[in-house]
Amino acid sequence: MDSDRYIMKIDINAFDPDVTFDCGQCFRWDKIDEGIWKGIALGRSLEVKKDGDWLCISGAEKAMEPKLRKYFDLDRDYKPVLEALSADPVLKKAIKFAPGIRILRQEPWETLCSFIISQNNNIPRIKGIVSRLCENFGDKIGENEYSFPEASRLAPLNEEDLAPLRSGFRARYILDAARRVVSGEIDFDALTYIPLADARKILMKIKGVGPKVADCVLLFGCGRLDAFPIDVWVKRVLARFYPDGFPEEFAKYGGIAQQFLFHYARCCPDSGF
DNA sequence: AGCCAGGACAAGT
DNA sequence: ACTTGTCATGGC
């Protein structure tokens, strides 16, 4: 166990697990104790604990560090970004409320599948469906832990096979997405660098993928920080605070801004929502 | 009990 | 191009 336990240095007051894992961008992380989070990512069962300006991670060997740094977005300097966004009074409050939010770079297929499941659904139930998806079709990687099933594992299935998930009308969407990924129609690498509008268009050919889900995939799965998912909460924020549109000057990091606003509106008692 | 959920779709203006 | 009813399930 010692061989797969190590620590990584992070910026002081930067990455905050409590908000990063609990701000609605991921569905496979759970708080198991004060300051300790357990989650499954990159095919591993991980445990994360912040200790000052160090992040302690167990469950992965040292060679995994580059991938983990990318997953947790630890090598991006958020300071100048958040300072720039703070020029806006609403964003300033949102960032002050939870400055340690970081945009995870999750696995694209898992992100696509998870956010298809998320539509017209609440976060606790999304987590339940994703959990059942992994238990039923993922690989056993621990005592009671399962990896996220590959698209190729789901593509041959039919709707009845997915009945145990109790995902409702979303089952056929999951299958359509899996098949398009397996066929090569969806190329996640290309989605990271082609024009944003083109990337959205490609994703939206999948049944059950509209503008919101497409933007979530591009932001959380492809690292497109200019993607700006608009859900019911963000819609409320925009209507109240930005009736003339979201400031164009922030578009480059709109995804980051969006995530702070989403969490602020949902979780801050003083946000007015 | 009833409203709502990190929406999308199809049918209707 | 914009609006509306519907979709399956269950959290609160």
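Just so we're on the same page: letters track the sequence lines, and every chain starts at 1. Quantities reported herein were computed from a predicted structural model and do not represent experimental measurements.
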Shortest non-hydrogen separation from A/Arg153 to A/Asn136 and the atoms involved: NH2-O, 4.4 Å
Could I get a table of every N or O pair under 3.5 Å where one atom is in the protein and the other is in nucleotides 9-11 of chain B?
{"unit_1": "B/dC9", "atom_1": "OP1", "unit_2": "A/Gly208", "atom_2": "N", "d": "2.8"}

Separation of B/dA5 C1' from A/Lys127 NZ (nearest whole Å): 15 Å
Pair A/Tyr173 and A/Phe115, ring centroids less than 6.0 Å apart: no
Between CZ on residue A/Phe72 and CG on residue A/Leu55, distance to nearest 0.5 Å: 6.0 Å
Span that lies between the C1' atom of C/dT6 and that of B/dC4, in whole angstrom: 15 Å
Of A/Asn120 and A/Pro124, the one whose closest DNA chain C nucleotide lies more 5': A/Asn120
A/Lys31, NZ atom: more than 12 neighbouring heavy atoms under 6.0 Å: yes
N/O donor-acceptor pair under 3.5 Å between A/Gln258 side chain and A/Gly255 backbone: yes
Interatomic distance, A/Phe115 CZ vs B/dG7 P [rounded to whole Å]: 10 Å
Qualifying residue, where the test is salt bridge (Lys or Arg N to Asp or Glu O under 4.0 Å) with A/Asp75 and the options are A/Arg105, A/Arg69, A/Lys70: A/Arg69
Minimum-distance nucleotide (side-chain atoms of A/Arg236 versus B/dA5, B/dG6, B/dG7): B/dA5
Residues within residues 218-234 of chain A bordering DNA chain B, heavy-atom distance below 4.0 Å: A/Phe220, A/Pro229, A/Asp231, A/Val232, A/Trp233, A/Val234
Candidate pair A/Tyr264 and A/Phe260, rule ring-ring contact (aromatic ring centres under 6.0 Å, His included), full reasoning: CA-CA 6 Å; A/Tyr264 176 64; A/Phe260 279 90; over 10 Å; no
Sugar-phosphate only, base, or nothing, as touched by A/Arg125 at under 4.0 Å among non-hydrogen atoms: base
Spacing between A/Asn121 atom CG and B/dA8 atom P, to the nearest angstrom: 13 Å
Separation of atom CD1 in A/Ile126 from atom P in B/dC4, rounded to whole Å: 17 Å
For chain A, the stretch of DNA chain C it reaches, first to last nucleotide, under 4.0 Å of its heavy atoms: C/dC7 to C/dC12
Value rounded to 0.5 Å, distance of SG in A/Cys56 from NZ in A/Lys49: 5.5 Å
Inter-nucleotide P distance (B/dG6, C/dG5), Å rounded: 23 Å
Touch class at under 4.0 angstrom, heavy-atom based, for A/Glu159 against every strand present: nothing
Short side-chain N/O contact to B/dG6 OP1/OP2 from A/Arg170, under 4.0 Å: no
Hphob cluster co-occupancy, A/Ile194 + A/Phe228, side-chain heavy atoms under 4.5 angstrom: yes
Atom-to-atom span, CD of A/Gln119 to P of B/dC4 - whole angstrom: 19 Å
Nearest-angstrom distance from the residue atom CG of A/Asp176 to P of B/dA8: 14 Å
Nearest-Å distance once atom C1' is located in both B/dC9 and C/dG10: 22 Å
Flag, side chain of A/Asp139 to backbone of A/Ile141, donor-acceptor distance under 3.5 Å: no
Sugar-phosphate only, base, or nothing, as touched by A/Cys26 at under 4.0 Å among non-hydrogen atoms: nothing
Same apolar cluster: A/Met204 and A/Ile186, side chain cutoff 4.5 Å: yes
Identified salt bridge (Lys or Arg N to Asp or Glu O under 4.0 Å) partner of A/Glu145 from the options A/Arg28, A/Lys38, A/Arg44, A/Lys140: A/Lys38
